[in-house]
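Have a look at the structure below before the remarks.
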Amino acid sequence: MEFTAKLSYVRVSPQKARLVLDLIKGRRVEEALDTLQFTNKGIAPALYKLLRSALENANYLSAEKGLDVDIDRLYVKRAVANDGPRMKRIRPAPMGRAYRYQRRISHIEIALAEKTSVNGKPALAQKVGEEAAPKKAAKKKSVFKKAVAKKAPAKKFAGKKATKK
């Protein structure tokens, strides 16, 4: 089950918000809170507050609806910053002209989910998004051998070597 929190009409460009959101995607909630607390960006305190809100939503729903949610196993499943409406502004320019610019606004959403377990056992300690893929060393060797076999032999330089006098 997902637990979400939304923050609308934030006066920051979505690009700047995404820089900080990329730091916390896929991390456990505790790690994400620590990261946001020590991130030196202007939007970090607002995102910290939003993440705390999503955590409290999970806590509330687990108590109110009787869901069995382990708060310690929650991680940031989705963190998105979308465009909001843009404010059009005008700046004075030389020779009586005016330059137009836009102030960007963001809508930010954070979703938390509980880390799933396999066969009732706790999930292994690995970063979310990384999947344990079986190694295919034999296949890689054969591809490498084919690439080496296709190369043409190197041609030697037949001309004389030029020397400076």
message = I'd like to know if the side chain of His107 and the backbone of Leu7 have a donor-acceptor N/O pair within less than 3.5 Å.
response = no

query = When Ile, Leu, Val, Met, Phe, Trp and Tyr are grouped by side-chain heavy atoms lying under 4.5 Å apart, directly or through other members, which residues fall in the same group as Met95?
reply = none

inquiry  = When you group the ILVMFWY residues by side-chain heavy-atom contacts below 4.5 Å and let the links chain together, are Leu33 and Ile43 in the same group?
reply    = yes

key: CG on Leu74 to CG on Leu55, rounded to 0.5 Å   = 6.5 Å

task = Indicate yes or no for a side-chain donor-acceptor contact from Glu30 to the backbone of Asp72 under 3.5 Å, with no hydrogens or angles considered.
result = no

task = Would you check if the side chain of Arg27 reaches a backbone N or O of Val76 as a donor-acceptor pair within less than 3.5 Å?
result = no

query = Between the side chain of Thr35 and the main-chain N/O of Glu31, is any donor-acceptor distance below 3.5 Å?
reply = yes

task = Give the intermediate values and the outcome of side chain to side chain contact (heavy atoms under 4.5 Å, CB included) for residues Arg104 and Asp83.
result = CA-CA 8 Å; Arg104 285 165 171 76; Asp83 283 336; 5.7 Å; no

query = In the single-linkage hydrophobic clustering (I, L, V, M, F, W, Y; side-chain heavy atoms under 4.5 Å), do Leu19 and Leu51 co-cluster?
reply = no

key: Shared hydrophobic cluster for Val80 and Leu47 (ILVMFWY, side-chain gaps under 4.5 Å)   = no

Glu2 atom CD: more than 12 heavy-atom contacts under 6.0 Å = yes

request  = Could you state whether Val69 and Ile110 fall into the same hydrophobic cluster, counting links through intermediate Ile, Leu, Val, Met, Phe, Trp or Tyr residues with side-chain heavy atoms under 4.5 angstrom apart?
outcome  = yes

Straight-line distance of Glu114 CD to Arg73 CZ, nearest 0.5 Å = 5.0 Å

ask   = Distance from Arg18 atom CZ to Lys25 atom NZ, nearest 0.5 Å?
value = 8.5 Å

inquiry  = Looking at every heavy atom in both Ala44 and Thr39, which two are closest together, and how far apart are they?
reply    = CB-O, 3.7 Å

remark   = Between Val12 and Ser106 the two heavy atoms that sit nearest each other are O-OG, 2.5 Å

query = Just how far is it from atom CG of Leu36 to atom CG of Leu21, taken to the nearest 0.5 Å?
reply = 8.0 Å

inquiry  = Going by the rule side-chain hydrogen bond (donor to acceptor under 3.5 Å, both in side chains), which residues pair with Ser13 if we only count those two or more places apart in sequence or in a different chain?
reply    = none

key: Straight-line distance of Asn82 CG to Ile105 CD1, nearest 0.5 Å   = 13.5 Å

Contact summary for Ala17 and Ala81, nearest pair of heavy atoms = CB-CB, 3.9 Å

note = Residues passing the side-chain contact (heavy atoms from CB on, under 4.5 Å) test with Arg103, sequence neighbours excluded, are Arg11, Met87, Arg89, Tyr101

query = Do the side chain of Asn57 and the main chain of Thr4 share a donor and acceptor less than 3.5 angstrom apart?
reply = yes

task = Could you tell me whether the side chain of Arg91 and the main chain of Tyr99 form a donor-acceptor pair under 3.5 Å?
result = no

